Amino acid sequence: NLLLNSNSYWSTKLLERLVKKADAVTVTNPFLQAKFGGIIVPNGRDTDALDPAKFDGHAMRRQLGLESARVVLFLGSPRKHKGIEDLIEAVRLAGTPDLKLLLVGLGADPYSERLRRLAQDSLGPQAILVGQQPWSRVPEFLAASDVVAIPQIETEVTSWQVPMKVFDAMAMGRPVVATRTSGLPEALEGCGWLVEPGKPGELAEAIDHVLTHPEEARLRGMEARERCIKGFSYSSMAGTLMPLVEGLLEKKRLKARAAARHEV
């Protein structure tokens with residue numbers, strides 16, 4: 001049933017029509033605000049749970065045989081708009097034997113199989129391919145990485161959503177290289193590296209810069225965590241969302257009192 005599939009066109013159109021009936025609207029970014037109005041409540045993460053001090057990246061490196069490698073990580077469900085093919089090409093262009101591409105989240109779908117073949121053909125042993133993982137293991141993979149890549153390409157999908165994995169990486173204090181798409185420039189302002197989408201050469205250069213400037217990378221990773229705590233954590237979301245909810249509840253109480261007085 002197309003209406004029961006939340007990703008279908010007709011389900012989306014129905015839900016968009018229902019927005020007008022809401023007492024209040026929250027959106028996650030300016031693009032959606034321009035379309036639906038409402039108040040921006042950015043996506044957030046539990047920065048207490050995603051605390052780099054709680055995780056041992058060396059243990060995951062040993063498990064994957066990456067003790068002496070430099071690791072660029074992509075973590076998430078594989079989709080064409082996520083630019084994974086560009087990332088594979090960027091690692092190939094880098095031409096650094098000890099650089100490993102750790103792809104985590106590959107499934108049994110045709111696109112995942114295509115990425116497996118492409119990574120193996122282009123990178124050989126430089127590609128470390130890992131299947132889908134429970135969220136509880138996400139911090140371990142992040143802790144094991146030297147740089148996290150979020151190489152989204154420019155599409156209609158990327159214009160209205162910000163990948164949650166950027167906030168995972170920021171909360172864990174990892175250096176992030178991303179493309180200038182969706183809300184990534186705003187999320188990573190002053191604490192990440194940005195390149196143009198669809199340009200593997202630029203992506204390769206940015207990754208190489210992060211890996212060859214470890215102190216700069218460490219400091220930006222720390223800044224990314226602080227930015228995440230202040231702007232993209234559960235507590236920061238609550239600071240915006242709770243006054244909105246309290247305002248709606250107060251309106252409901254006032255309406256109920258007025259109705260009671262009218263009945264008297």
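Nothing here was measured: the structure is a model prediction, and the numbers come from that model.
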Exercise for review: Taking all non-hydrogen atoms of both residues into account, name the closest pair between Leu73 and Phe141 and its distance.
Suggested key: CD2-O, 3.7 Å
With a 3.5 Å cut-off and sequence neighbours excluded, list the donor-acceptor pairs that the side chains of residues 239-250 form with protein atoms.
| residue | atom | partner | partner atom | Å |
| --- | --- | --- | --- | --- |
| Glu250 | OE1 | Arg253 | NE | 3.1 |
| Glu250 | OE1 | Arg253 | NH2 | 2.8 |

Check your understanding: Got Glu189 and Arg227 here, is their nearest side-chain heavy-atom distance under 4.5 Å?
Key -> yes
**Study point:** Donor-acceptor contact present, side-chain Ser112 to main-chain Gly107, <3.5 Å
**Key:** yes
Check your understanding: In Å, rounded to the nearest 0.5 Å, how long is the span from CE of Met170 to CG of Leu142?
Key -> 12.5 Å
Exercise for review: Check the pair Arg137, Met60 against side-chain contact (heavy atoms from CB on, under 4.5 Å), reporting the backbone distance first and the verdict last.
Suggested key: CA-CA 10 Å; Arg137 298 203 72 193; Met60 177 59 75; 3.1 Å; yes
Review point. Is it true that Glu216 and Arg220 have a side-chain N and a carboxylate O under 4.0 angstrom from each other?
Key: yes
Exercise for review: Mind checking the CZ-OH spacing from Arg45 to Tyr234? Nearest 0.5 Å is all I need.
Suggested key: 6.0 Å
**Study point:** Atom pair NZ/CD of Lys165 and Gln152 - distance to nearest 0.5 Å
**Key:** 11.5 Å
Review point. Is Gln126 close to Val91 at the side-chain level, that is, under 4.5 Å between some pair of heavy atoms?
Key: yes
Exercise for review: Report yes or no: does Arg61 contribute a side-chain atom to a donor-acceptor pair with the main-chain N or O of Ala69 at less than 3.5 Å?
Suggested key: yes
Check your understanding: With Glu85, which of Arg79, Arg114, Lys80 fulfils salt bridge (Lys or Arg N to Asp or Glu O under 4.0 Å)?
Key -> Arg114
Check your understanding: If you look at every heavy atom in Pro78 and Leu115, which pair is closest and at what distance?
Key -> CB-CD1, 3.6 Å
Point to revise | Over 12 non-hydrogen atoms of neighbours within 6.0 angstrom of NZ in Lys251 | key: no
Point to revise | Step-by-step side-chain contact (heavy atoms from CB on, under 4.5 Å) determination, Ile128 to Leu101 | key: CA-CA 6 Å; Ile128 310 300; Leu101 173 58; over 6 Å; no
Review point. Looking at side-chain heavy atoms only, is the closest gap between Ile88 and Leu123 below 4.5 Å?
Key: yes
Point to revise | Close side-chain approach of Arg62 and His58, heavy atoms under 4.5 Å | key: yes
Exercise for review: Could you state whether Val130 and Val71 fall into the same hydrophobic cluster, counting links through intermediate Ile, Leu, Val, Met, Phe, Trp or Tyr residues with side-chain heavy atoms under 4.5 angstrom apart?
Suggested key: yes
Review point. Can you get from Leu50 to Val162 by hopping between Ile, Leu, Val, Met, Phe, Trp and Tyr side chains that sit under 4.5 Å apart?
Key: yes
Point to revise | Step-by-step side-chain contact (heavy atoms from CB on, under 4.5 Å) determination, Ser236 to Lys230 | key: CA-CA 6 Å; Ser236 66; Lys230 292 178 181 178; over 6 Å; no
Review point. Is it true that Leu219 and Val176 fall in one hydrophobic cluster, defined by side-chain heavy atoms closer than 4.5 Å?
Key: no
Point to revise | Heavy-atom pair of closest approach, residues Leu203 and Val195 | key: CD1-CG2, 4.1 Å
Review point. So, are Glu16 and Lys13 salt-bridged, with charged N and O less than 4.0 Å apart?
Key: yes
Review point. Between the main-chain N or O of Ser233 and the side-chain N or O of Ser235, is there a donor-acceptor pair closer than 3.5 Å?
Key: no
Point to revise | Criterion side-chain contact (heavy atoms from CB on, under 4.5 Å) on Thr179 and Ile153, from CA distance to verdict | key: CA-CA 7 Å; Thr179 48; Ile153 60 177; over 6 Å; no
Review point. Heavy-atom distance under 4.5 Å between the side chains of Leu194 and Leu188, does that happen here?
Key: yes
**Study point:** Linked, directly or transitively: Val104 and Val72 (ILVMFWY side chains, under 4.5 Å)
**Key:** no
**Study point:** Nearest atoms (heavy-atom pairs only) where Asp86 meets Gly198
**Key:** OD2-CA, 3.3 Å
Point to revise | Over all atoms of both residues, closest heavy-atom pair of Ala90 and Ala204 | key: O-CB, 3.3 Å
Check your understanding: Is a salt bridge present between Arg70 and Asp146, judged by a nitrogen-to-oxygen distance below 4.0 Å?
Key -> no
**Study point:** Rounded distance [0.5 Å steps], SG in Cys228 versus CE in Met172
**Key:** 11.5 Å
Point to revise | Phe167 side chain near Asn43 side chain, heavy-atom distance below 4.5 Å | key: yes
Review point. Would you say Thr212's side chain and Asp208's backbone share a donor-acceptor pair under 3.5 angstrom?
Key: yes
Check your understanding: How about Ile150 and Pro163: do any of their side-chain heavy atoms sit closer than 4.5 Å?
Key -> yes
Practice item. Go through Arg92 and Glu89 one step at a time and tell me if the salt bridge (charged side-chain N to carboxylate O under 4.0 Å, His left out) criterion holds. Key: CA-CA 5 Å; Arg92 188 192 69 81; Glu89 176 64 7; 2.7 Å; yes
Check your understanding: How many angstroms lie between CG in Asp46 and CG in Asp51, if you round to the nearest 0.5 Å?
Key -> 10.0 Å
Check your understanding: Would a 4.5 Å heavy-atom cut-off, applied to side chains only, mark Cys191 and Pro175 as touching?
Key -> no
**Study point:** Over 12 foreign heavy atoms within 6.0 Å of CE, Met164
**Key:** yes
Point to revise | Euclidean distance, Leu118 CG relative to Tyr111 OH, rounded to 0.5 Å | key: 8.0 Å
Check your understanding: Is it the case that one hydrophobic cluster holds both Leu184 and Leu75, taking links as side-chain heavy atoms less than 4.5 Å apart, direct or via other members?
Key -> yes
Exercise for review: Please list, chain by chain and in numerical order, all residues satisfying side chain to side chain donor-acceptor pair (under 3.5 Å) with Arg218, sequence neighbours excluded.
Suggested key: Glu215
Point to revise | Closest non-hydrogen atom pair, Ser145 against Val148 | key: OG-CG2, 3.7 Å
Review point. Distance-only, no hydrogens or angles: does the His209 side chain make a donor-acceptor pair with backbone N or O of Glu205 under 3.5 Å?
Key: no
